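Notes to accompany the following structure.
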Amino acid sequence: MSSFNRLLTRVRRRAGALALPCTVLSTLVPVLALGAGAVPAVAAPLPGGLGPCVPGSCPPSYPTSINNLPFTGRDNGINIFVGNQFQVAGRAAEAEGRVVVLDSFAQAKEAGVSSIYNIGIAGVGSRVPPPDGADFLTTGGGITIAPGQTLVAEGGVVRHAGTVTGTVTGTLVTDPDAVRPYSGLRDQLTTASDCYARVDGTPRTPTGTAVNQGGQTLFTGDGSSALQVFNVDFDLTGPTGGQQGVVFAGIPSGATILVNVLGATRALNTYSGGINDSDDPLNAYRDHLLWNFPDATAVTLAGTGQFQGSFLIGRQASLTTVTLAGINGRFFTTGSLTHTSLPVGGGGQEFHSYPFNGDLPSCTTPPVTGEVRVLKTDATTGAPLAGAVFELWHETNNTPGLQTTGTNPDTRLGATCTTPADGICRRTVDTGTYYWRETTAPTGYDLPTDPVFGPLALTPQNATTGVQVTAADQPHTQPPVTGEVRVLKTDATTGTALAGAVFELWHETNNTPGLQTTGTNPDTRLGATCTTPADGICRRTVDTGTYYWRETTAPTGYDLPTDPVFGPLALTPQNATTGVQVTAADQPHTQPPVTGEVRVLKTDATTGAPLAGAVFELWHETNNTPGLQTTGTNPDTRLGATCTTPADGICRRTVDTGTYYWRETTAPTGYDLPTDPVFGPLALTPQNATTGVQVTAGDCPSPTPPPDGSIDLTKRDAKTGEPLGGAQFQLWRETNGVAGLQTGGANPDTRTGPGCTTSAEGGCAFTHLPAGQYYLRETAAPDGYQLPHDPVTGPYRVDADDCVTVDLTNKRHHHDDDC
């Protein structure tokens, strides 16, 4: 067991954040601008003021070890910034410090582990959390917490622009502009990451060397430079991808270390970094060490170390997967982040809040600016027009044309502009590509069919004069020509008109052939649905244009057609008087599916006699993978409730033709489950559906139980030694051959018997235990006490006729000491 895991075994933490000091601070971190054109210099912080602790109650110095002691100060700086989505999975435990996510936050940890993810305050960490009442989590999208789980932000605010699903503690604040103060950080960090790694497209000159020696990567500095630069174009892993050490040499005292990890896919797997500063020399560089990934779209950070230093991932299309036991420093990614654990091994992965105080290459330069203008004119006379209202949009999503909606729109700049007497809206902006979008035409004029004008490319070459586009509006025209668009629903065989079909009417508006109902630029749906009456016709009066009818529900007794879209129907001034019509023919329902019985006969494997009391599940083969899969990303499909065999020993179910399995989950009393409890496959076909298909499942009688042993435990107060009642325990037997306790997954260990709650004398006993190894898992602490950070103890060896005694302790809740 590592020193960190030993610490976690000793620490007792409430299922949530600790009680906070009694001051309230809700100010936001100021965001400083970072120009787009980066030039190299020295002695600069990260963009937006990121990195250092933000007052007002920063500690004089940060603790020298990861701990669960009282808070030594408060830090209102952002510790984790995620430019896209933040996903919590596996057995990840917590993220200390303030967290800002421009998109959504989702928590879906694996079954059988702690259902809590702490944010803002960590039970074990630097113990320098955000101010009481500050924003612990800020999201620009929604927050989704899996059923039965909890996101704990106790003492802080969870500010969100999207909807919240699931259980979240703390103060929830809905704010459509939640991430507006941070919206510029993503591009600034991308620019800075590239600037730190390159100067004018050429890799930044290193001051030292980095050599992967197999068991470790050795970084050797020049011994004198205040900024130590290393360029790494390999994975920081052992020869087969395993863990290795990270070692620095030749680094002068107080120097900033910049490690540029180059390449599109990069991995770090290390045991380096310790709980205490004395555990590992790497700890000494923590607040002046930055790991910069300017190119990678896939970053894996793994290992058992309490790794030191801050991280910057510059690619906005990146995904960083963190299974490291701990990251001690700031973590800034312009892409997405998954905080999780490996499929096997330890859990409890944590981010710990520590500042970055280094001096980095400067990536700022006064931006080149110029005017972008739109001139509103009368389309007939060319005269300038006052009173047109425009929005200015910046091309930021690298998709041609203007996107104002969807998951990744371009960026709208500032308030609207209304053209004055000279007809010109103007705005001074940085170089880039822009669009003017007219939202309101001048009085007496019509909006143009396409109200977007641009792109206008403002470059360093034309910034002095600026760029301009003319937007001409037509005076109001005569009332539009209208006519009927109709759809006739018929029986495909007889041609008879049918009532009861439901249709949507769509207008072709995106200039893309065919009907598009989804995506970033769909066509336009018009009004409510229409249900065909007795004459089978849906009709709508509309302006001239191109339309589609889309059938969403077929009449009773009929099937929807394979392609439910009918059109295009072109309504023109020439045909508007008579209108346009299309026929939509539906086929009658086909014959009902063939069904039959699938059965399992439970028998005594020795005598063949039928057995009552066996419990079975029925599974349908649906994933096209041989054999039964009950878990994973694409399992087969379980059908209905379980079945318990009656006196004739047969479970039976009537189902459609297909392939099925019976899975025995409980053997009859006095019998053992078979080694393989799955019986099948049973192929029910149209040929055998009348008689059905059956399989026999024979169980062997349970052998005479061997001599048994027991485990007696006593729960005490960690400080006074007094016995404690009310602690709840589960007993698990080591059965899967994997070290440590696994309570979930495809091959867990085996839970033994019911749980046990300690008596007033602190006692709890598990008896009649077969010889083997066992684990005790504490599921609820006594009232007023904390659950251990690692609630599992063991393994304990129990032999026949043996009694094993165990003495366990709990600490009182931290809030008894904090406030």
Side-chain angles (χ1 to χ4, degrees), residues 1-2 5-6 8-9 91 111-113 343-347 602 604-606 611 613-615 630-631 663-678 697-716 723-725 727-759 761-780 787-788 790-810:
M1 184 181 291
S2 70
N5 287 333
R6 286 195 296 271
L8 295 184
T9 302
R91 299 179 295 281
V113 302
V344 295
K602 170 52 60 180
D604 183 302
T606 305
L611 298 177
V615 181
T630 62
T631 60
R663 180 172 178 243
E664 187 175 4
T665 59
T666 304
T669 302
Y671 288 80
D672 292 332
L673 276 174
T675 304
D676 182 0
V678 177
D699 281 4
C700 293
S702 299
T704 302
D708 54 25
S710 63
I711 296 177
D712 289 344
L713 73 89
T714 302
K715 172 63 68 173
R716 301 181 185 279
L724 298 177
Q728 297 178 18
F729 286 86
Q730 297 172 346
L731 184 66
W732 291 76
R733 188 177 182 188
E734 173 61 58
T735 58
N736 65 359
V738 179
L741 173 60
Q742 292 80 42
T743 63
N747 186 24
D749 293 311
T750 303
R751 182 174 171 186
T752 301
C756 179
T757 302
T758 57
S759 65
E761 291 75 31
C764 208
F766 296 88
T767 59
H768 304 297
L769 303 178
Q773 290 190 337
Y774 294 83
Y775 300 88
L776 288 168
R777 181 173 182 235
E778 187 172 358
T779 59
L787 266 177
D790 184 354
V792 177
T793 59
Y796 304 106
R797 178 68 193 179
V798 176
D799 295 318
D801 299 321
D802 186 19
C803 178
V804 177
T805 60
V806 178
D807 204 41
L808 301 175
T809 63
N810 284 53

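Source: prediction; values computed, not measured.
In terms of modelled atom types and a separation under 3.5 Å, the side chain of T631 and the main chain of A746 share no donor-acceptor contact. Within the 3.5 Å criterion, the main-chain N or O of V804 finds no donor-acceptor partner in the side chain of R797. Judged by distance alone, with hydrogens and angles left aside, the side-chain atoms of D712 form no donor-acceptor pair with the main-chain N or O of T805 at under 3.5 Å.
Atom CZ of R733 is separated from atom CG of L741 by 14.0 Å, given to the nearest 0.5 angstrom. Between W732 atom CH2 and T750 atom OG1 the span is 8.0 Å, to the nearest 0.5 Å. Atoms NZ and CZ, on K715 and F729 in that order, are 4.0 Å from each other to the nearest 0.5 Å. Interatomic distance, T767 OG1 to I711 CD1, rounded to the nearest 0.5 Å: 10.5 Å. Between the CG atom in L611 and the OH atom in Y671 there is a gap of 4.5 Å [rounded to 0.5 Å].
Residues that satisfy the side-chain hydrogen bond (donor to acceptor under 3.5 Å, both in side chains) test with D672, not counting sequence neighbours, are S702. In terms of the side chain to side chain contact (heavy atoms under 4.5 Å, CB included) criterion, residue partners of T606 (sequence neighbours excluded) are, by chain and number, D604, P701. Scanning for side-chain hydrogen bond (donor to acceptor under 3.5 Å, both in side chains) contacts around R751 gives an empty result, with sequence neighbours left out. The side chain to side chain contact (heavy atoms under 4.5 Å, CB included) test applied to V344 returns no partner, not counting sequence neighbours. A search for side chain to side chain contact (heavy atoms under 4.5 Å, CB included) contacts involving Q728 returns T757, T779, A780, not counting sequence neighbours. Taking the side chain to side chain contact (heavy atoms under 4.5 Å, CB included) definition, one finds that P791 meets it with E778, sequence neighbours left out.
For the residue pair T714 and E761, the shortest heavy atom distance occurs at CG2-O, 4.4 Å. Counting all heavy atoms, side chain and backbone alike, A667 lies closest to D699 at CB-OD2, 3.6 Å. Residues Q730 and F766 approach most closely at C-CZ, 4.5 Å, considering heavy atoms. Between E664 and A614, the closest heavy-atom pair is OE2-CB, 3.9 Å. Counting all heavy atoms, side chain and backbone alike, L724 lies closest to T758 at O-OG1, 3.0 Å. Across E734 and G740, no two heavy atoms sit closer than the pair OE1-O, 3.3 Å.
In this structure the side chain of T793 reaches within 4.5 angstrom of the side chain of Y796, judged on heavy atoms. Looking at heavy atoms from C-beta onward, L731 lies in side-chain contact with L776 at the 4.5 angstrom threshold.
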